[in-house]
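In what follows, residues are counted from 1 in the order of the sequence shown. Being a predicted model, the structure only gives us computed values, none of them experimental. When reading the values below, keep in mind they use all heavy atoms of this one structure, side chains included, and skip hydrogens, waters and symmetry mates.
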Amino acid sequence: MARKMLVDEEMNQTNQEEAYYDFDLFVIGAGSGGVRAARFSANYGAKVGICELPFHPISSEVIGGVGGTCVIRGCVPKKILVYGAAFGSELEDARNYGWELNEKLDFNWKKLLHKKTDEIIRLNGIYKRLLSNAGVKLFEGEGKIVGPNEVEVTQLDGTKLSYSAKHILIATGSRAHRPPIPGQGLGITSDEALSLEDLPKHAVVFGGGYIAVEFASIWRGLGANVDLFFRKELPLRGFDDEMRAVVARNLEGRGINLHPQTNLTELIKTDNGIKVTTDHGEELIADVVLFATGRLPNSKRLNLEAVGVELDNTGAVKVDEYSRTSIPSIWAVGDVTNRMNLTPVALMEGTCFAKTVFGKEPSKPDYSHVPCAVFSIPPLSVVGLSEEQAIEQANGDVLVFTSTFNPMKNTVSGCT
């Protein structure tokens, strides 16, 4: 209730005071959360500005693109590659259904990449139009905060623009993390994996989360030999243990070599490729080594600590239950807060922010029962508690029902 009174008091400030600011809201970062917050705030009548780095499929500190990680170098392009990878086994299955196919099935990796790039360019344009149609002013360049109510945007030509804003929203997302091992520069992250010039013949994937499982499935589906290394006994930590075991069996069944409870210790460039060594003394040669070992908040170039915004030890922006930082005029949503790093969650947080600040309807994001999916082959989706979480939280017995079966389609094709 105290927070509601505070927000209502802000909303009742006079129009004369509003006139002192160039914008009611300035958003740094035009990914899913930032675009949603900007559009919805503008729909409530706010004057909104937003800045984003110039477009490129592979992000860095100076390039990004409207649409953010999910649209440009995350869920969307990754799902396109998953669709492409799934066709190989489908075509093989078709033989058993009477389709007469040539003995050799050819695959054009560059054509798939071209189609993927066309799609993310199209979506980048759609997101720009969504902002324009909502009346949001878009600036292309790098934004940083120089005061509680002031932002600075460095444009592509180096020109700096300064704007005042009653509210500032940080929505800069996160970036892939590389483990600190010798030769780490020889490895790639998911950004580069989505734009490789050549399809690898032998890929090593290090990690046990979404991205690791997904790229292992993609590359294996496209014909590469894949070794998947991860630190735990099973991949996908945090998911239901029974489902994790099913995913592991599916990965192995599709020919992916699993290396549980194993760390990579060094990468060395050789004439034959990249030599990978592990803490079990294993050595192998790969064309590509993918680090899928987590992501870190994109916060270090925003000048946050200088203006008093508190960060945790990973660089995540600390916020309260309404997404407000330690500075009352500065807010944050999405992966940069490291709460629940999923695109639909960022959208929810952006919506709640707009309702709270400009809709006179204080709203807290609700993180219970968030559905999520892993784009493995076959895919995995979950919602609600895992069996382990249910047992931990229950006051009484927990009933668990499971069922396994082979799809009817596979009884003819012979797949399991």
Side-chain angles (χ1 to χ4, degrees), residues 26-35 38 49-78 113 116-117 120-121 123-125 127-128 131 136-147 150-163 165 168-178 180 184-197 211 290-291 293-307 309 311 314-317 330 332-338 341 343 346:
F26 199 97
V27 183
I28 301 178
S32 298
V35 169
I50 190 170
C51 69
E52 178 54 75
L53 298 168
F55 172 84
H56 196 278
I58 302 174
S59 68
S60 74
E61 292 180 337
V62 293
I63 49 179
V66 175
T69 297
C70 179
V71 170
I72 298 172
R73 60 194 71 88
C75 311
V76 171
K78 190 166 52 182
L113 282 191
K116 179 269 299 182
T117 301
I120 62 175
I121 290 172
L123 292 173
N124 174 253
Y127 269 69
K128 287 181 177 180
L131 291 169
V136 176
K137 175 67 173 175
L138 172 63
F139 299 88
E140 194 169 57
E142 182 179 14
K144 73 175 183 178
I145 299 174
V146 293
E150 187 176 0
V151 296
E152 181 182 271
V153 180
T154 302
Q155 299 185 108
L156 305 186
D157 62 0
T159 304
K160 297 183 186 297
L161 305 173
S162 293
Y163 296 99
I168 299 169
L169 178 65
I170 304 162
T172 48
S174 61
R175 181 169 296 133
H177 167 67
R178 295 170 185 260
Q184 62 167 273
L186 297 173
I188 64 171
T189 69
S190 55
D191 280 11
E192 294 87 3
L194 288 163
S195 299
L196 284 178
E197 189 170 327
I211 293 172
L290 170 64
F291 292 131
T293 48
R295 299 176 67 86
L296 293 175
N298 247 342
S299 62
K300 68 178 183 178
R301 291 169 65 94
L302 295 173
N303 197 43
L304 297 179
E305 291 176 297
V307 297
V309 174
L311 308 175
T314 69
V317 180
I330 302 176
V333 298
D335 287 11
V336 75
T337 66
N338 200 29
N341 299 339
T343 298

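- For the pair S190/R73, no side-chain contact is recorded, criterion being any heavy-atom separation below 4.5 Å from C-beta on.
- Side-chain contact check for K116 versus P77: some heavy-atom pair is nearer than 4.5 Å.
- A 4.5 Å side-chain heavy-atom check between T337 and I170 finds every atom pair outside the cut-off.
- Distance check, rounded to the nearest 0.5 Å: OG1 of T69 to CG of D191 gives 7.0 Å.
- Minimum interatomic distance between G34 and V27 (heavy atoms only, all atoms of both residues): CA-CG1, 3.9 Å.
- Using a 4.0 Å cut-off between charged side-chain N and carboxylate O, K160 and E150 make no salt bridge.
- Separating the CD1 atom in I58 from the CD1 atom in I72 is a distance of 12.0 Å, to the nearest 0.5 Å.
- Taking the side chain as every heavy atom from C-beta outward, I145 and E152 never approach each other to under 4.5 Å.
- Summarising the local packing, CD of Q184 is surrounded by more than 12 heavy atoms from other residues, nucleotides or ligands at distances under 6.0 Å.
- The shortest non-hydrogen separation linking L53 to S60 is CD1-O, 4.1 Å.
- To the nearest 0.5 Å, the span separating CG on L131 from CD on E52 amounts to 10.0 Å.
- Between E61 and R301 the shortest side-chain heavy-atom distance falls below 4.5 Å.
- Here the closest non-hydrogen pair linking L156 and P54 is CD2-CG, 3.5 Å.
- With a 4.5 Å cut-off on side-chain heavy atoms, R178 and T189 count as touching.
- Exactly one residue among V336, L169, L302, V153 makes a side-chain contact (heavy atoms from CB on, under 4.5 Å) with I28. That residue is L302.
- Remark: C70 SG to I120 CD1 distance equals 11.5 Å, nearest 0.5 Å.
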Take C75 and T343 through the test side chain to side chain contact (heavy atoms under 4.5 Å, CB included) and record every step on the way to the result. CA-CA 9 Å; C75 311; T343 298; 4.1 Å; yes
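- Taking the side chain as every heavy atom from C-beta outward, C51 and E142 never approach each other to under 4.5 Å.
- Atom OH of Y163 sits about 7.0 Å away from atom NZ of K137, to the nearest 0.5 Å.
- Note that NE2 of H56 is 12.5 Å distant from CG of N124, once rounded to the nearest 0.5 Å.
- The backbone N or O of G173 sits nowhere less than 3.5 Å from a side-chain atom of N298 that would complete a donor-acceptor pair.
- The heavy-atom pair separating V35 from A30 by the smallest distance is CG2-O, 3.4 Å.
- Between F139 and F26, a ring centre-to-centre spacing shorter than 6.0 Å is recorded.
- Using a 4.5 Å cut-off on side-chain heavy atoms (C-beta onward), Q155 and L161 make contact.
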Quick one, V146 with V307, criterion side chain to side chain contact (heavy atoms under 4.5 Å, CB included). Give me CA distance, side-chain angles, the key distance, then yes/no. CA-CA 7 Å; V146 293; V307 297; 5.7 Å; no
Applying side chain to side chain contact (heavy atoms under 4.5 Å, CB included) to V151 and K144, what does each step give before you reach the verdict? CA-CA 6 Å; V151 296; K144 73 175 183 178; over 6 Å; no
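- When all heavy atoms of I168 and G147 are compared, the closest pair comes out as CD1-O, 3.9 Å.
- Put simply, the side chain of R295 gets close to the backbone of S174: a donor and an acceptor are under 3.5 Å apart.
- In this structure, S299 and G315 approach most closely via the heavy-atom pair OG-O, 2.5 Å.
- The closest donor-acceptor contact from the side chain of N338 to the backbone of A316 lies at 3.5 Å or more, if one exists at all.
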